[in-house]
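One structure is given below, encoded as structure tokens.
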Amino acid sequence: MNQEKLQLLEDKRRRVDALVKQLGKDAFTVTKLLADGKPYINELKALDVQIAKIRAAQGHKEPLGSGPRNNPKRDWRPFFKWFRENGFPEVDDYEVVYDQAQGFGLTTKKDLKRGDVVFQVPSKFMMTNVSALESAKPALLIHNDQLLQNVYSLSLSLHLLIEKYELESFWAPYINSLPNVYGSAFYWSAKDLAKLEGSKAHWEISKMKAAVAKQYCHCYFRLEKQLEFAVMKRESFNWDAFLWSITTVFSRQNKILVNGASGRQVEALALIPFFDLINHEGFGELSSEYDIENKCLRLLAVKDLKAGEQITMHYGDRPNIELVLNQGFFVPNNPNSFTTIEMALLSADKLKQQKADILAKHGLPETGSYVLSLETPVPEELIQFLRVAWLSTEEDLAGAERAFHGPVSLQNELQAYVMLSLKLNQVIKGYPTKLEDDLKELEKIQGTQTSNTQNALNLLIEEKKIFNATSAKVAAKIAALRKKISEAK
């Protein structure tokens with residue numbers, strides 16, 4: 001390579017280095033604003049602009065996540081051959097199928113009864129944060145790096161990316177079977193994410209985007225010259241490649257127990273080939289277990305299955321924000337979904353410290369978030385907090401213990417619910433759009449827009465429904481309390 005070309009490469013590297021350094025600063029700013037509860041939308045947009053600059057400098061011209069997620073005509077024979085030749089012949093009892101809604105899945109070629117062992121995946125096929133330490137190249141990165149040692153998902157994603165570029169990787173048939181891009185929120189357009197502005201879901205997704213950006217910057221500069229030639233060139237460690245690896249881990253990771261270096265059992269994160277082809281269904285019991293003694297993951301049938309039927313399993317009791325963020329799908333009427341509302345003692349309250357001490361005694365913070373769901377729109381802990389918050393005299397505080405067992409008084413109870421009502425109205429009015437408009441838009445785009453757009457609207461609608469249900473419950477309680485007070489006069 002002549003001197004001119006070398007100089008061009010060096011100039012490009014310096015340009016990308018400067019852009020990545022700025023990305024780290026932008027990600028830190030967004031994280032700080034989110035933690036402090038301050039406005040962050042403009043800074044988040046600046047973060048997205050910086051990522052776009054990095055992608056352009058790294059040679060990516062197409063929009064992030066463009067192109068098909070899967071090739072429906074993918075040749076699965078090398079994948080099955082890999083299992084068969086490495087001691088897992090049971091794979092021949094199953095077949096990979098594809099449909100537009102769920103992507104790839106597994107069907108059984110034999111009848112199965114509920115509770116039957118479907119198959120067992122030996123641990124040697126799994127990629128884990130422990131196998132990362134046992135592999136020479138990832139171990140060089142992880143060694144003496146506190147972040148990589150503590151964030152298992154990050155060390156596992158680096159392990160995956162390094163193996164992707166290995167010419168003779170044992171896991172090549174598995175890695176080649178993975179999707180090209182994912183439907184998770186990390187691949188959403190700015191337009192899709194903007195639909196969630198003002199929502200708790202937007203806050204959660206923004207927090208994760210900033211965290212992933214910080215992790216990328218950390219790993220990018222970890223590939224200093226000595227490690228670069230031993231592990232991976234920085235040019236290969238581009239934003240798109242890293243995002244692919246981290247979202248692969250987020251969407252497919254499983255917690256298992258393994259024997260650590262000391263001989264004790266330790267928790268690990270694992271990518272489990274074949275098993276991760278199984279799609280989600282229902283809200284039943286988990287249907288898999290890791291057998292540490294026999295070093296395998298065992299899958300049990302959750303229902304009777306006939307030959308030709310698809311094998312499905314329950315992914316766990318997870319809210320939709322988690323499923324959308326990591327897996328890229330939304331479950332209608334998910335009983336595990338929730339949102340939160342923030343409450344704090346008034347800073348000007350002369351009795352604030354005494355109230356804080358009373359709350360702390362019962363495990364409640366003076367400033368904190370309370371979980372709201374359709375099943376439990378008004379949690380008891382929230383009302384307990386508000387009862388204490390609206391005690392007005394030291395004499396009232398002397399009897400504050402009653403607040404944790406029931407109403408202190410009708411008037412105090414009314415004040416608590418009125419305060420909650422005002423807070424809910426503030427939250428609901430803070431959304432740029434109304435629920436009825438969101439529902440109309442969702443109905444309008446069905447079948448015409450990407451699943452990303454639909455997922456964004458579904459999260460927004462779900463969150464608003466929870467707040468509306470809570471507001472209705474609180475309004476009914478206020479009316480009942482006012483009636484009681486009026487009758488008592």
Practice task
Go through the steps for Y431 and S199 under the test side-chain hydrogen bond (donor to acceptor under 3.5 Å, both in side chains), then give the verdict.
Solution key: CA-CA 7 Å; Y431 290 107; S199 70; 6.0 Å; no

Heavy-atom check, side chain of [X] versus side chain of [Y], under 4.5 Å:
X: Y290; Y: S123; result: yes
X: L300; Y: D116; result: no
X: H314; Y: V302; result: no
X: N254; Y: M126; result: no
X: E235; Y: V16; result: no
X: N336; Y: R318; result: no
X: V118; Y: F275; result: no
X: E342; Y: T367; result: no

Output the distance between atom [atom1] ([X]) and atom [atom2] ([Y]), rounded to the nearest 0.5 Å.
X: I292; Y: L297; atom1: CD1; atom2: CG; value: 12.5 Å
X: L133; Y: S155; atom1: CG; atom2: OG; value: 6.5 Å
X: E289; Y: C296; atom1: CD; atom2: SG; value: 8.5 Å
X: L196; Y: N455; atom1: CG; atom2: CG; value: 10.0 Å
X: L271; Y: H159; atom1: CG; atom2: NE2; value: 8.5 Å
X: L33; Y: K38; atom1: CG; atom2: NZ; value: 7.0 Å

Exercise for the section: Return each pair, listed once, that meets salt bridge (Lys or Arg N to Asp or Glu O under 4.0 Å) where at least one residue sits in residues 267-279; pairs must be two or more places apart or across chains. Expected result: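 Only R252-D276 qualify under salt bridge (Lys or Arg N to Asp or Glu O under 4.0 Å).
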
Practice task
Just grab all the salt bridge (Lys or Arg N to Asp or Glu O under 4.0 Å) pairs involving residues 163-182, residues at least two apart or on different chains.
Solution key: K137-E166

Nearest non-hydrogen partners of [X] and [Y], listed with the distance:
X: V121; Y: P273; result: CG1-O, 3.8 Å
X: F338; Y: S373; result: CB-CB, 4.3 Å
X: A132; Y: P138; result: O-CB, 3.3 Å
X: L223; Y: M232; result: CD2-O, 3.6 Å
X: E462; Y: S337; result: OE2-OG, 3.0 Å
X: S169; Y: I175; result: OG-CD1, 4.4 Å

Practice task
Check Y216, F186, W244, Y220 against W239 for a ring-ring contact (aromatic ring centres under 6.0 Å, His included) and give me the one that passes.
Solution key: Y216

Handout entry: Single hit among F79, F274, W82 for ring-ring contact (aromatic ring centres under 6.0 Å, His included) with F125
Key =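 When F79, F274, W82 are each tested with F125, the ring-ring contact (aromatic ring centres under 6.0 Å, His included) holds only for W82.
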
Check whether [X] reaches the backbone of [Y] with its side chain - one donor and one acceptor, N or O, closer than 3.5 Å.
X: T128; Y: S131; result: yes
X: R298; Y: D291; result: no
X: N129; Y: L269; result: yes
X: D75; Y: R77; result: yes
X: Q215; Y: L154; result: no

Go through the side-chain N and O atoms of [X] and [Y] and say whether any donor and acceptor fall under 3.5 Å apart.
X: T29; Y: E43; result: no
X: K303; Y: T312; result: no
X: Q327; Y: S251; result: no
X: T453; Y: D192; result: yes
X: Q310; Y: N279; result: yes

Practice task
Decide side-chain hydrogen bond (donor to acceptor under 3.5 Å, both in side chains) for N458 and Q454; before the verdict, give the C-alpha distance in whole Å, the side-chain angles of both, and the deciding distance to 0.1 Å.
Solution key: CA-CA 6 Å; N458 275 320; Q454 292 180 34; 5.4 Å; no

Exercise for the section: Have a look at K209 and tell me which of V30, T31, L325, D48 forms a side-chain contact (heavy atoms from CB on, under 4.5 Å) with it. Expected result: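 With K209 as partner, V30, T31, L325, D48 yield a single side-chain contact (heavy atoms from CB on, under 4.5 Å), made by D48.
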
Practice task
Scan R84, K109, K110 and name whichever one has a salt bridge (charged side-chain N to carboxylate O under 4.0 Å, His left out) with D93.
Solution key: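 Checked R84, K109, K110 against D93; only one passes salt bridge (charged side-chain N to carboxylate O under 4.0 Å, His left out): K110.
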
Handout entry: Identified salt bridge (charged side-chain N to carboxylate O under 4.0 Å, His left out) counterpart of E10 within the set R14, K12, R13
Key =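 The residue from R14, K12, R13 that satisfies salt bridge (charged side-chain N to carboxylate O under 4.0 Å, His left out) with E10 turns out to be R14.
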
Handout entry: Y40 ring center near H202 ring center (under 6.0 Å)
Key =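 Ring-ring flag for Y40/H202: true, centres closer than 6.0 Å.
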
Heavy atoms from other residues, nucleotides or ligands near [atom1] of [X] exceed 12 (cutoff 6.0 Å):
X: F119; atom1: CZ; answer: yes
X: F221; atom1: CZ; answer: yes
X: K465; atom1: NZ; answer: no

Practice task
Answer yes when K200 and E204 have at least one side-chain N-carboxylate O distance shorter than 4.0 Å, and no when they do not.
Solution key: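 Salt bridge absent between K200 and E204.
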
Problem - Electrostatic pair K195:D438 at N-O distance under 4.0 angstrom - result: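 Judged by the 4.0 Å cut-off on N to carboxylate O distance, K195 and D438 do not form a salt bridge.
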
